[in-house]
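Reminder, nothing fancy here: chain letters follow the sequence lines and each chain counts from 1.
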Number of protein chains: 2
Amino acid sequence: MTAERLSRQLDFIVELDKLKRILRQTLVMDGSRQENSAEHSWHLAVMAVLLNEHARESVDVQRVLKMLLIHDVVEIDAGDTFCYDAAASVGKEERERRAAERLFGLLPEEQAEEFRDLWEEFEAMGTAEAQFANALDRLQGLLQNYHNGGGTWRLHGITRDQVLNRMRPIQNASPELWGYVLQVIDEVYVNSDLIASTVDAEG
Amino acid sequence: MTAERLSRQLDFIVELDKLKRILRQTLVMDGSRQENSAEHSWHLAVMAVLLNEHARESVDVQRVLKMLLIHDVVEIDAGDTFCYDAAASVGKEERERRAAERLFGLLPEEQAEEFRDLWEEFEAMGTAEAQFANALDRLQGLLQNYHNGGGTWRLHGITRDQVLNRMRPIQNASPELWGYVLQVIDEVYVNSDLIASTVDAEG
């Protein structure tokens, strides 16, 4: 019984290794390569430990951590969908639902259920924990792009309004972090010519 | 005041990105490349969520998670030291102590202290949390090597006794996981010829 339980847990843990191969559109901060979803999840988890004091509503840090650690696991089957690509998002929900079914289904039943619930909670953004976790996910993308010279935004001609829209969940989850976000967006799009050419081309 | 505090936290978070460039000796499970310390830390954290029920002594999961998330951060300055390389380990402690000083010192004082304490606790292996966290660190290395065909062990001619010695902290932290570890080591070194040539060459 216990041997079978451990064996299911280890099968899942081995399967998790594949998240290290899932590449995001975002580049690491020195711009040298795409970031993968495993190291991205680690970065978010440390951010949650350090920044939870800035959440508007106090959060259960351990639940935020669990949520962030597994929020991208479905990408092992469903792939990473670029957040600014509307076409690629078609069918995303169904692809990810099937992925969650298979991947979390490797685990012993009650752990499978816990992980499915955490993932659904993250996606639904209905709780303070999910809102804060999502806010960190957006903030990290902004930090990467800010520090690697506008990386993804520049490359794909993403406009200021698109970035603002993408970052919007931060506003409610943490007014303090939102203030910082606005400052960065202004710096990138207004005060510098970092991606001004992109904006001109769009307009 | 708050702006300065947030600014210190974000400076540290940006600095953390460098852990994604620190390569371990261990290969990812498909053997295609070296694993980096950021994705490794993520993998360990998920393992802690799933496997803490196997700890001999019940552990504070949140503290284990925090410990695992930051246990390798000092490598940003000190580099990764291959666990089977005695020569490279000379001076490791001092290098890492200085790294902890500089890196955690970027944070607001009480967060710096918390992270330094967690890192020291992990290194000292004196508490149930640190023992379990270290056990997971060793177990993950074993899983990688088992699944990528003996990777590091084969490459560096690591003997069965060296592996057993390296895995030893698992024995006390989790008798259940230890049973699994012994089974894997037997399979790799005795029942298969996976790295038999290495053993022959050594003996």
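Interface remark: L69(A) contributes backbone and side-chain atoms alike to the contact with chain B (heavy atom separation under 4.5 Å). For Q62(B), the parts sitting under 4.5 Å from any heavy atom of chain A are the backbone and the side chain alike. Both the backbone and the side chain of I13(A) come within contact range of chain B, each with at least one heavy atom under 4.5 Å from a heavy atom of that chain. If you measure heavy-atom distances from L10(B) to chain A, the contacts under 4.5 Å come from the side chain alone. Heavy atoms of L107(A) lying under 4.5 Å from chain B belong exclusively to its side chain. Contact annotation for L16(B): both backbone and side-chain heavy atoms come within less than 4.5 Å of a heavy atom of chain A.
Of all the listed residues (E35(A), Q144(A), E176(A), E53(A)), the one sharing the greatest number of non-hydrogen pairs under 4.5 Å with chain B is E53(A). Options E39(A), Q111(A), H147(A) differ in how many heavy-atom pairs under 4.5 Å they form with chain B, and the most are formed by E39(A). By number of non-hydrogen pairs under 4.5 angstrom with chain A, the leading residue of G179(B), S7(B), A38(B) is A38(B). Your options are H40(A), H54(A), E114(A), Q140(A), and the one with the most heavy-atom pairs under 4.5 Å with chain B is H54(A).
Results of the salt bridge (Lys or Arg N to Asp or Glu O under 4.0 Å) test with D30(B) over K18(A), R21(A), K20(A) single out R21(A) as the only residue that passes.
When the shell of 6.0 Å around CD of E93(A) is examined, it contains 12 or fewer heavy atoms from other residues, nucleotides or ligands.
Side-chain contact between Y146(A) and V14(B): absent, with no pair of heavy atoms (C-beta onward) separated by less than 4.5 Å.
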| said: Please determine whether side chain to side chain contact (heavy atoms under 4.5 Å, CB included) holds for the pair L177(B) and L6(A), giving the CA-CA distance in whole Å, both sets of side-chain angles, and the decisive distance to 0.1 Å. | reply: CA-CA 8 Å; L177(B) 294 177; L6(A) 177 57; 3.7 Å; yes

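Here the closest heavy-atom approach between residue Q9(B) and residue L50(A) is recorded as NE2-O, 3.3 Å. The nearest pair of heavy atoms linking W42(B) to S41(A) is CD1-CB, 3.5 Å.
L51(A) contributes atom CG, which lies 11.0 Å from atom CZ of F12(B) (distance to the nearest 0.5 angstrom).
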